[in-house]
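Note that the coordinates shown come from a computational prediction; the quantities given were computed from them, not determined experimentally. A note on names: the letters A, B, ... follow the listed sequences, proteins ahead of strands, and every chain is numbered from 1.
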2 protein chains.
Amino acid sequence: MLAKAGGELTLASSIHDLARHLNISIGTVSRALNGRADVNADTRQRVLAAAKQLNYSPNQSGRSLRQGATRSIAFMLQPHPGDQQYGEPFFIPFLTGLQARLAEYDLDLMVVMGEPGQYQQERLRRVVETRRADAVVLANTRRKDDRIDYLSKAGFPFATLGRSQSGGDTYPSLDIDFERAGDEAVDRLVARGHRRIAAIRPSHDLNFGYLFLDGYRKALKRHGIEVDPGLIADGFINEAGGYQVTPRVMLSKDPPTAIIFNNDAMALGGCKALAEMGIRPGHDIAVIVIVDTPLCRYFSPALTAFRPSLEPMGRRLAEMLLASLPAFAGPEGTRIIREVWPLELIARDSD
Amino acid sequence: MLAKAGGELTLASSIHDLARHLNISIGTVSRALNGRADVNADTRQRVLAAAKQLNYSPNQSGRSLRQGATRSIAFMLQPHPGDQQYGEPFFIPFLTGLQARLAEYDLDLMVVMGEPGQYQQERLRRVVETRRADAVVLANTRRKDDRIDYLSKAGFPFATLGRSQSGGDTYPSLDIDFERAGDEAVDRLVARGHRRIAAIRPSHDLNFGYLFLDGYRKALKRHGIEVDPGLIADGFINEAGGYQVTPRVMLSKDPPTAIIFNNDAMALGGCKALAEMGIRPGHDIAVIVIVDTPLCRYFSPALTAFRPSLEPMGRRLAEMLLASLPAFAGPEGTRIIREVWPLELIARDSD
DNA sequence: TGTGTTCTCGTAAACGTTTACGGGAAAACG
DNA sequence: CGTTTTCCCGTAAACGTTTACGAGAACACA
């Protein structure tokens, strides 16, 4: 306790109080509470009853120290630099799912955010070295990710939301199928008669930008359309980035009739640029967004987009992480699971 | 540690290792590291150097147990029931600020969410009773809030984002000035010639709904406009709620020429209902939203709204909480600070 | 009755810290 | 030189658990 609010704090009863109250040793009390076999059934009942009566709950610090496990998982979220008035709506439902599943295992969730753009490595090291968490969940994975290198070198358990080229196949990861989304987006546009299709994605070495582009290229090839480098651009992963980079693509000698944006904020900025050029999405040009957010739905025109199931993804990643921890999955069950989830196309008015 | 990843785990060096390496007692090492006065300057240097060399960081579980403080703060966020595809964009920036300031004090942030609509009390009790956190931050405060009653009765330190009628003035709280926003919204509308102004707010005993209404009523009174109960309605705090309740107000004998929505999601649903009735916000009716989100900006027409500074609010609430904790503010500095922050009006196209 | 087994429990160590206490050596002072 | 003070450090207890170990009692079995 940091504060002893004027003495009115209800004393936290310890296992010693319980033992004294029952005229029993603390060892027996602990065994009774933890459901061990070598305790008399009657004794166990008495202990349980007394625990309820005295409102006893085991002190987590004591347990952590003795067992060498904190029973908490750290979630590292690095906000992208840029306009942070509201941040990414992406993560609340993901966190909800992650947290819900962890709670079922009596695990706490610690959130470490770091300043936008700041080097997150120190924060991560602190968590690992001071043993503040038993495992880590990484978000915003980059193609080459220092955090992954560090964790796998240290042998510290972790899982990632998103893929990376770092660290090999030694950790669980869950990602969206950006290749397939890119592929399907092209498919859809081609079926509607487009052949000049632009792709706008974030720079920053964010891995999903590359994955998306792979799918985009693959689909073009399948349809016998040559990839035009002039139709591919990347920019800062926010509205300003989309606003800045979209005109560059539109002003090429042979402009596109469709644009796939790999990020909702960039799409919004792009549409603003288009509007200023007198180009109307849904009329003069087709626009598809790869990861849907509520903004896509309420924008005018409503943007066709691919939607993830964030909350189930959060729950699933928790399961995958737990399955890789011997303490939960059993010694033999230390399985590294990697999954890639499809997106659902939400057809709206922009394409 | 839960997992010992194949033995490659870098051994966490303890203070004993450090002491042995230096031929010094652990007491001295601890004192040196913690900057106590009674340690020779030369010894301190040697300890610090060795700590860096052996990559030593104190084990947090050990510290927590000994000091009776976990150095972590729990943030309790209860999602509103309803459409949870994306949750509330409100909280990410708030969390960012809260977390950033806490990190400066070497405090961790634990996030406890609870299922939407689920009774959050048990989760809270668990945190308190097992001493998993040193203090709690509550969000989504209700007019009468069980959690506040419980915490103040237990003498457990906490602060709230949002006001409540529970618990008296014994805890720090930070809230948005909903009264003033309601007042200003009416002011603005009256200045533009409106006299039939509706107010739509959430039910659920959420406190801010009442505060908003106070400001609304006060402003009407000031302008000599009688409050018409037929123009006041409440509904579920989501899009469906707004969609459902708005027609009820519009179909009254003497319909409003303006509506103030006390929640962005409800406003969106309300606008949908209006559209279906052939009523265009910004043309046929004026619409103002009390708490701005990105959705208001991108909606068509863009919605005039009052915007909070969420990230500074997060930082500020962390400061306020810390100031109320003797361990941080010093024994005399146990001050209970309560603040109410104004909103900034963002004029757009809907009014 | 003697021996082995089972059941139940108490004892004590251990996890990694911090800190109260005391003591020895050096320094200061008379 | 004796006494007091200061400086620095080691010792050990304490935080609240869990758990390895062993021991006593009850019981079974021959």
Side-chain angles (χ1 to χ4, degrees), chain A residues 1-2 4 9 11-47 50-51 54-72 106 128-132 134 327, chain B residues 1-2 4 9 11-47 50-51 54-72 106 128-132 134 327:
Chain A
M1 288 292 308
L2 283 178
K4 309 223 198 326
L9 181 69
L11 280 328
S13 54
S14 84
I15 205 173
H16 289 94
D17 303 325
L18 210 49
R20 203 175 315 126
H21 179 258
L22 288 167
N23 257 345
I24 260 185
S25 80
I26 59 167
T28 304
V29 174
S30 177
R31 281 189 299 264
L33 291 173
N34 290 345
R36 306 232 161 238
D38 57 347
V39 47
N40 184 289
D42 176 58
T43 317
R44 187 190 308 279
Q45 290 312 319
R46 284 174 47 224
V47 171
L54 296 195
N55 198 23
Y56 167 79
S57 309
N59 179 300
Q60 181 58 33
S61 298
R63 299 188 107 184
S64 297
L65 179 57
R66 167 66 215 225
Q67 299 189 322
T70 61
R71 292 203 83 82
S72 87
D106 195 43
V128 170
E129 292 175 1
T130 63
R131 291 304 189 268
R132 271 178 156 86
D134 297 331
Chain B
M1 286 290 309
L2 282 177
K4 310 226 197 326
L9 181 70
L11 281 327
S13 53
S14 83
I15 205 174
H16 289 94
D17 303 326
L18 210 51
R20 203 176 315 127
H21 181 257
L22 288 167
N23 259 346
I24 260 185
S25 81
I26 59 167
T28 304
V29 173
S30 176
R31 281 190 298 263
L33 292 173
N34 290 344
R36 306 230 162 240
D38 56 347
V39 48
N40 184 288
D42 176 58
T43 315
R44 188 190 306 279
Q45 290 311 318
R46 284 175 48 226
V47 171
L54 296 196
N55 199 24
Y56 168 79
S57 309
N59 178 301
Q60 181 58 34
S61 299
R63 299 189 107 184
S64 297
L65 179 57
R66 167 65 215 225
Q67 300 189 323
T70 61
R71 295 205 80 84
S72 86
D106 195 44
V128 170
E129 291 175 3
T130 63
R131 292 300 190 269
R132 270 174 157 89
D134 297 331

The side chain of [X] lies closest to which of these nucleotides: [options]?
X     : options                : answer
A/T28 : C/dG10, D/dT17, C/dT8  : C/dG10
A/Q67 : D/dT19, D/dG16, D/dC8  : D/dT19
A/P58 : D/dT17, D/dG10, C/dG16 : D/dT17
B/S14 : C/dC9, C/dT17, C/dA14  : C/dT17
A/T43 : C/dT8, D/dT18, C/dG10  : C/dT8

Starting at [atom1] of [X] and ending at [atom2] of [N], how long is that distance when rounded to a whole Å?
X     : N      : atom1 : atom2 : value
B/N40 : D/dT6  : CG    : P     : 17 Å
B/Q45 : D/dC8  : CD    : P     : 13 Å
A/R44 : C/dC9  : CZ    : C1'   : 13 Å
B/L22 : D/dC8  : CG    : P     : 17 Å
A/I15 : D/dC15 : CD1   : C1'   : 14 Å
A/D17 : D/dG16 : CG    : C1'   : 11 Å
A/H16 : D/dG16 : NE2   : P     : 8 Å

| request: Identify the two heavy atoms, one from A/V39 and one from A/T28, that lie closest to each other, and give their separation to 0.1 Å. | output: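 Scanning both residues completely, I find the closest heavy atoms to be CG2-CG2, 4.3 Å.
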
| query | So which heavy atom on B/T70 is nearest to which on B/R132, and how close? | reply |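 Closest approach of B/T70 to B/R132, heavy atoms only: OG1-O, 3.6 Å.
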
Counting only side-chain nitrogens and oxygens, does [X] get under 4.0 Å of the OP1 or OP2 atom of [N]?
X     : N      : value
A/N59 : D/dT17 : no
A/S25 : C/dT11 : no
A/N34 : D/dT18 : yes

| field | Results of side-chain contact (heavy atoms from CB on, under 4.5 Å) for B/D38 - residues two or more places apart only | value |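 Partners of B/D38 under the side-chain contact (heavy atoms from CB on, under 4.5 Å) test: B/R31, B/R36.
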
| Which residue, B/L65 or B/R46, contacts DNA chain D at a nucleotide closer to its 5' end, judged by nearest heavy atom? |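 It is B/R46, whose closest nucleotide lies nearer the 5' terminus.
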
| Does B/R63 use its side chain to pair, donor to acceptor, with the backbone of B/P58 at less than 3.5 Å? |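 Between the backbone of B/P58 and the side chain of B/R63 there is no qualifying donor-acceptor contact (under 3.5 Å).
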
| Test item: A/S30 side-chain N/O and A/I26 main-chain N/O as donor-acceptor pair under 3.5 Å |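 Not a single qualifying donor-acceptor pair exists.
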
| query | Could you go step by step and tell me if A/L33 and A/L18 meet the side-chain contact (heavy atoms from CB on, under 4.5 Å) rule? | reply | CA-CA 11 Å; A/L33 291 173; A/L18 210 49; 4.3 Å; yes

| field | Nearest-nucleotide 5' precedence on DNA chain C, A/A41 against B/L33 | value |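 The 5'-side residue here is A/A41.
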
| said: Both B/R66 and B/D38 contact DNA chain C. Which one's nearest nucleotide lies toward the 5' end? | reply: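 Nearest nucleotide further toward 5': that of B/R66.
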
| Which part of the nucleic acid, if any, lies within reach of B/S57 when heavy atoms closer than 4.0 Å are counted: base, sugar-phosphate only, or nothing? |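 If one applies the 4.0 Å heavy-atom cut-off, B/S57 turns out to touch the sugar-phosphate alone, with no base involved.
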
| Looking across every strand, which nucleic acid part, if any, lies under 4.0 Å from B/I26 by heavy atom: base, sugar-phosphate, or nothing? |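 The answer is base, as B/I26 lies within the cut-off (heavy atoms under 4.0 Å) of a base atom.
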
| Polar side-chain contact A/R31-C/dG10 base: donor and acceptor under 3.5 Å |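 Yes, the side chain and the base share a sub-3.5 Å donor-acceptor pair.
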
| Donor-acceptor pair under 3.5 Å: do we get one between B/R63's side chain and the base of C/dT17? |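 Side chain to base: no pair below 3.5 Å.
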
